[in-house]
There are 2 protein chains.
Amino acid sequence: MEDRAPVPPPHPAEDVTEHVGYRLKKASAALRGAMDKALREHDLTVPQYSCLELLDEQPGLSNADLARGTFVTRQSANVVLRGLKDAGLITQATSTDHGRALPIHLTAAGQQRLHGARSAVYAIEQRMIESIPAQRMTALLADLDTMTEALGA
Amino acid sequence: MEDRAPVPPPHPAEDVTEHVGYRLKKASAALRGAMDKALREHDLTVPQYSCLELLDEQPGLSNADLARGTFVTRQSANVVLRGLKDAGLITQATSTDHGRALPIHLTAAGQQRLHGARSAVYAIEQRMIESIPAQRMTALLADLDTMTEALGA
DNA sequence: ACGTTGATGTCAGAACTTTGACATGCGAGA
DNA sequence: TCTCGCATGTCAAAGTTCTGACATCAACGT
């Protein structure tokens, strides 16, 4: 089969739970869980909140833009957006003069819902930030980005 | 019209995409995507591979053990395990002399499949590791754990 | 001995996400 | 001009995961 591992073991750790990937997944799962719990009180799912946050910052994003921004497929984003539309939190143009992308905007209700949920989510992020020395946080962000790019994203 | 920020901004970044949570999610999504793609050639999903890896290291784990180890619910783990059982990659005791947990073990086929997939996954992890200076990796792992605990996991 | 608590396995249903496929619209190059 | 490539929006189907609920089993304290 393979002449697959001519190099020494890729990492010193024997235990799988010591691998970077495992820790990354664990941290991400913890964050997702905390956000889920916090957002439930605001009747929002994590993907829904993510979309609202992105739209607040960059009004007029399209379905595909939001899919990329929330790391899901266009189809998934479409479902999420339908929920937000039905809840009256966003509006989407029904036509456009150029291209196919239909720009989306927050409604007043969407703004309000977002602002309510935001404090809950920011409190979670605050917990993460406080747990890490400020200087390390800079390096941490850089390293996360570096790894992301190394993975081809 | 909100008194929306009674507290000072929890973090210096204005852009949501600069937040730790966002970067974490992004890195995790990139990893998941890379693993998905690599594992597809071995007819395994990420959760399936995770279970095999855990079982290889700690034979006899139960459904609930694997659920905790892969960060999903017992119900999800149950479905994954059913798939692995149907594929003949694992065996689960049908009874036990103590308690309710039914210990699970890899079959020879499971071992083989795992070993094949492992090199593909390790290559991905290798890409991540190589992109980060060795000294920083230690700090990175520690910080990921610290954040995870700060989130209550 | 007995009830309580906690962990586990399981079923059923809903919700979410993905893969696959197809139609539409813009832009670059023959 | 016209075709090709590419991005987008959308539908359908399958797979995955979750919430909620219930039964079983061991350990603990009364």
Side-chain angles (χ1 to χ4, degrees), chain A residues 25 28-41 43-52 54 58 60-87 90-104, chain B residues 25 28-41 43-51 54 58 60-87 90-104 153:
Chain A
K25 187 175 178 181
S28 192
L31 173 59
R32 172 70 181 236
M35 287 183 66
D36 251 329
K37 183 181 167 191
L39 287 173
R40 198 165 307 153
E41 300 168 17
D43 272 301
L44 285 175
T45 65
V46 172
Q48 286 175 335
Y49 167 79
S50 302
C51 284
L52 293 183
L54 286 172
Q58 304 176 50
L61 289 181
S62 69
N63 183 2
D65 290 328
L66 290 169
R68 276 187 294 270
T70 58
F71 314 113
V72 295
T73 60
R74 291 196 305 278
Q75 294 85 332
S76 292
N78 204 346
V79 174
V80 172
L81 290 181
R82 199 167 309 162
L84 290 174
K85 247 182 282 185
D86 291 348
I90 62 171
T91 57
Q92 183 170 28
T94 55
S95 69
T96 177
D97 52 349
H98 179 284
R100 258 199 119 193
L102 301 173
I104 303 169
Chain B
K25 188 175 177 179
S28 192
L31 173 59
R32 172 70 181 236
M35 287 181 66
D36 251 330
K37 184 182 167 191
L39 287 173
R40 198 163 309 152
E41 300 168 19
D43 272 302
L44 285 175
T45 65
V46 173
Q48 285 176 335
Y49 167 79
S50 302
C51 284
L54 286 172
Q58 304 176 49
L61 289 181
S62 68
N63 182 2
D65 290 329
L66 291 170
R68 276 187 294 271
T70 56
F71 315 114
V72 296
T73 60
R74 290 194 306 274
Q75 294 86 332
S76 294
N78 203 344
V79 175
V80 172
L81 290 181
R82 200 166 311 160
L84 290 173
K85 246 181 285 184
D86 291 348
I90 62 171
T91 58
Q92 182 170 29
T94 55
S95 67
T96 177
D97 52 349
H98 180 283
R100 259 201 119 194
L102 303 173
I104 304 168

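The figures here come from the full heavy-atom set of this structure, side chains too, leaving out hydrogens, waters and symmetry mates. Bear in mind the structure is a predicted one, so any value in this text is a computation, not a measurement.
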message = Looking only at the side chain of A:Val79 (C-beta and beyond, no hydrogens), which of the listed nucleotides C:dT17, D:dT19, D:dA26 gets closest?
response = C:dT17

message = Of the listed nucleotides (C:dT18, D:dC18, C:dC11), which one gets closest to any side-chain atom of B:Thr73?
response = D:dC18

query = Over how many whole Å does the gap from B:Asp43 atom CG to D:dG15 atom C1' extend?
reply = 15 Å

key: B:Asp36 or A:Thr45, whichever maps to the more 5' nucleotide of DNA chain C   = A:Thr45

key: Separation of D:dG15 C1' from B:Arg82 CZ (nearest whole Å)   = 14 Å

inquiry  = Given C:dG20, D:dG9, D:dC18, identify the nucleotide with an atom nearest to the side chain of A:Leu102.
reply    = D:dG9

query = Between B:Ser62 and B:Ile104, which heavy-atom pair has the shortest distance, and what is it?
reply = C-CD1, 4.1 Å

message = Heavy atoms from C-beta onward define the side chain here; which of D:dG20, D:dT10, D:dA23 lies closest to that of B:Gln75?
response = D:dG20

message = Whether B:Arg74 contacts C:dA7 is assessed here as follows: a side-chain N or O lying under 4.0 Å from the phosphate OP1 or OP2. Is that the case?
response = no

ask   = What's the shortest heavy-atom distance between B:Ser50 and A:Lys25, and which atoms?
value = OG-NZ, 3.5 Å

request  = Would you mind telling me which of D:dC11, C:dC11, C:dT8 lies closest to the side-chain atoms of B:Ala64?
outcome  = C:dT8

ask   = Is the shortest side-chain N to carboxylate O distance from B:Asp86 to B:Arg82 below 4.0 Å?
value = no

inquiry  = Expressed as a whole number of angstroms, how long is the span from A:His98:NE2 to C:dT24:P?
reply    = 19 Å

Whole angstrom value for the distance that separates C1' of D:dC6 from CZ of A:Arg100 = 13 Å

ask   = Are A:Asn78 and D:dG9 close enough that a side-chain N or O sits under 4.0 Å from OP1 or OP2?
value = no

request  = Calculate the interatomic distance between B:Lys85 atom NZ and C:dG9 atom C1'; express it in whole Å.
outcome  = 10 Å

Listed nucleotide nearest any side-chain atom of B:Ala101, set C:dT8, C:dA12, C:dT19 = C:dT8

task = Carefully, step by step, assess A:Leu52 and A:Ile90 under the rule side chain to side chain contact (heavy atoms under 4.5 Å, CB included).
result = CA-CA 8 Å; A:Leu52 293 183; A:Ile90 62 171; 4.0 Å; yes

Distance in angstrom units between B:Lys37 NZ and C:dT18 P, rounded = 17 Å

task = Would you please confirm or rule out a distance under 4.0 Å between OP1 or OP2 of C:dT8 and any side-chain N or O of B:Ser62?
result = no

task = Can you figure out which of C:dT8, D:dG9, C:dG9 approaches the side chain of B:Asn63 most closely?
result = C:dG9

message = With a 3.5 Å cut-off and heavy atoms only, can you find an N or O donor on one side and an acceptor on the other between the side chain of B:Gln92 and the base of C:dG9?
response = no

request  = Measure the distance from CG on A:Leu61 to C1' on D:dA7 and round it to the nearest whole Å.
outcome  = 16 Å

ask   = So which nucleotide from C:dT8, C:dT18, D:dT17 ends up closest to the side chain of B:Arg32?
value = D:dT17

key: Phosphate contact (D:dG15 OP1 or OP2) by B:Arg40 side-chain N/O below 4.0 Å   = no

message = Between A:Ser28 and B:Arg32, is the side chain to side chain contact (heavy atoms under 4.5 Å, CB included) condition met? List the steps.
response = CA-CA 11 Å; A:Ser28 192; B:Arg32 172 70 181 236; over 6 Å; no

query = What closest approach, in Å, do A:Leu54 and A:Leu61 show between heavy atoms, and which atom pair accounts for it?
reply = O-CD1, 4.0 Å

note = Of D:dG20, D:dC18, D:dG9, the nucleotide closest to the side chain of B:Ser76 is D:dC18

note = Separation of C:dT17 atom C1' from A:Leu81 atom CG, nearest Å, is 14 Å

inquiry  = If you only use heavy atoms from C-beta on, which nucleotide in C:dT17, D:dC18, D:dT17 is closest to the side chain of A:Pro47?
reply    = C:dT17

